Amino acid sequence: MITFGNDQFFSFEKRTRPIKSIALIHKNMKMGGVEMLVVRMVKWLSAHGYNVTLFLFSSGGPLLRELKSVKGVTIVVDDDKRDPSVNLWLLTKMLSKRFDEKFDLVYSFGPKSFLLSYLLPASKRLSGVYHPESYKQDCMDGVLKTLKLIDPKFYTKLLFMNPSIQKMTEQAIGEPLNNTIFPMPLDFCSPTKTLCNFGSRRIVSMGQLAHFRTYNYYMVDIMEKLVEIDPAFTYHIYGTGQGEDCLREKIANSPARDHIFMHGAFTYADKKRALQDSFCFVGMGVPLIEAAGCGIPGIAAKINDQFGLTEGFLHQLPPYESGDSFSADSELFGVQAQIEKLLSNETQYQKISKRDRVKANEFESDHVMENFIKEAETKKFSFRLH
């Protein structure tokens with residue numbers, strides 16, 4: 001593809017030879033969103049005939065069980081229970097690879113693993129950004145300085161989970177980033193199956209509890225009002241983490257306490273059972289997309305929001321966003337108002353369900369991973385025109 005810009009640059013892309021061998025680098029395989037991404041990527045790449053080597057630079061973790069029996073995958077980890085920040089045994093193993101044949105692609109999942117990736121010989125090097133503050137200077141100053149020293153244009157090798165993370169990374173690094181968006185690849189219910197139910201009054205939130213995920217707290221207040229509209233309403237919280245005791249105390253002191261249930265930790269296999277027969281979902285990120293992908297209307301929460309506001313249902317968000325877009329121009333609605341909108345009539349409810357499901361398909365695993373491989377096999381050139 002050839003493009004011209006107003007800044008008098010001549011740019012074109014050229015497909016290189018197909019990639020076959022891929023190295024992935026991450027910290028560990030403890031429970032988390034990025035770790036589940038690693039699992040999905042490894043399984044997809046293996047199923048499509050790629051040779052995958054996974055380097056874990058700190059320790060192993062429970063999600064390693066998901067990968068032990070996957071064919072064509074080599075896992076390099078010294079499962080040191082002391083959990084050092086960087087395992088010296090692994091560094092030695094990575095350095096020994098410099099005498100082997102190059103990997104066609106080395107892909108990392110954060111600044112530290114990106115820096116370590118330069119120890120491996122690679123035809124192409126890319127790194128994903130999955131948190132808006134991954135490259136914030138005061139958090140990663142030493143890593144950033146070293147990356148700039150090794151590769152002054154390291155930022156051209158970044159891929160972003162969504163445009164808002166791209167924008168915030170651009171501000172942190174201080175360089176324009178017109179890089180590719182690489183959203184989370186996800187799998188959903190079959191197109192003929194739906195987990196939503198207009199007649200149900202079951203509202204679900206799912207994900208690791210964290211202080212910035214304030215929706216679990218304000219939903220307690222919203223439930224006090226919803227049960228006055230219909231006493232059948234229940235709210236189900238899946239996840240553990242920061243502020244769990246405070247949340248339990250808030251629920252215990254609420255008049256709606258008999259309608260609110262904390263289910264604690266959950267496994268990937270538990271998700272569909274938890275979502276079965278749900279009226280709607282309130283949350284952000286992967287769980288929100290997965291719920292919408294199974295037909296459940298998804299209300300997108302904002303981070304650090306005390307007022308119960310939302311940018312709307314999943315289908316109302318900008319492309320590849322699944323929560324807070326951080327846009328000052330976004331129209332905001334009340335979460336309670338969106339729930340009552342779903343209550344108003346079944347025709348509108350089913351329309352929102354279908355629109356959210358279409359939006360969720362932006363994250364469908366085959367579509368996302370095929371674009372990822374295309375990006376990995378593409379070499380970009382840019383020249384200034386005089």
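A quick note: this is a predicted structure, and the numbers were derived from the prediction, not measured.
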Do Ile173 and Leu126 share a hydrophobic cluster, counting only Ile, Leu, Val, Met, Phe, Trp and Tyr and linking them when any side-chain heavy atoms are less than 4.5 Å apart? yes
Would a hydrophobic clustering, with Ile, Leu, Val, Met, Phe, Trp and Tyr connected at side-chain separations under 4.5 Å, put Leu144 with Tyr130? yes
State, to 0.1 Å, how close Arg125 and Ala122 come at their nearest heavy-atom pair, and which atoms those are. NH2-CB, 3.8 Å
Heavy-atom closest pair, residues Leu37 and Pro185: CD1-CD, 3.2 Å
Which word best sums up how the rings of [X] and [Y] line up, parallel for under 30°, tilted for 30 to 60°, or perpendicular for over 60°?
{"X": "Phe182", "Y": "Phe372", "answer": "parallel"}
{"X": "His263", "Y": "Tyr238", "answer": "parallel"}
{"X": "Tyr118", "Y": "Phe114", "answer": "tilted"}
{"X": "Phe363", "Y": "Tyr320", "answer": "perpendicular"}

Does a salt bridge link [X] with [Y], judged by any charged N lying under 4.0 Å from a carboxylate O?
{"X": "Asp187", "Y": "Arg40", "value": "no"}
{"X": "Lys27", "Y": "Glu35", "value": "no"}
{"X": "Arg273", "Y": "Asp270", "value": "yes"}
{"X": "Glu370", "Y": "Lys374", "value": "no"}

Quick check: are there more than 12 heavy atoms from other residues, nucleotides or ligands sitting under 6.0 Å from CD of Glu249? no
Reported [atom1]-to-[atom2] distance for the pair [X] and [Y], which is rounded to 0.5 angstrom:
{"X": "Ile289", "Y": "Met284", "atom1": "CD1", "atom2": "CE", "value": "11.5 Å"}
{"X": "Arg213", "Y": "Gln208", "atom1": "CZ", "atom2": "CD", "value": "6.5 Å"}
{"X": "Lys354", "Y": "Gln350", "atom1": "NZ", "atom2": "CD", "value": "6.5 Å"}
{"X": "Glu170", "Y": "Tyr155", "atom1": "CD", "atom2": "OH", "value": "11.0 Å"}
{"X": "Cys294", "Y": "Leu275", "atom1": "SG", "atom2": "CG", "value": "6.5 Å"}
{"X": "Ser127", "Y": "Lys157", "atom1": "OG", "atom2": "NZ", "value": "11.0 Å"}

Side chains of [X] and [Y] only: does a donor on one sit below 3.5 Å from an acceptor on the other?
{"X": "Tyr50", "Y": "Asp104", "result": "no"}
{"X": "Gln348", "Y": "Ser344", "result": "yes"}
{"X": "His367", "Y": "Ser365", "result": "no"}

Please walk me through it: do Tyr107 and Phe109 pass ring pair (Phe, Tyr, Trp, His ring centres under 6.0 Å)? CA-CA 7 Å; Tyr107 187 79; Phe109 296 84; 5.1 Å; yes
Both conditions, 6.0 Å and 45 degrees, for the charged tip of Arg202 above the ring of Phe279: are they met here? no
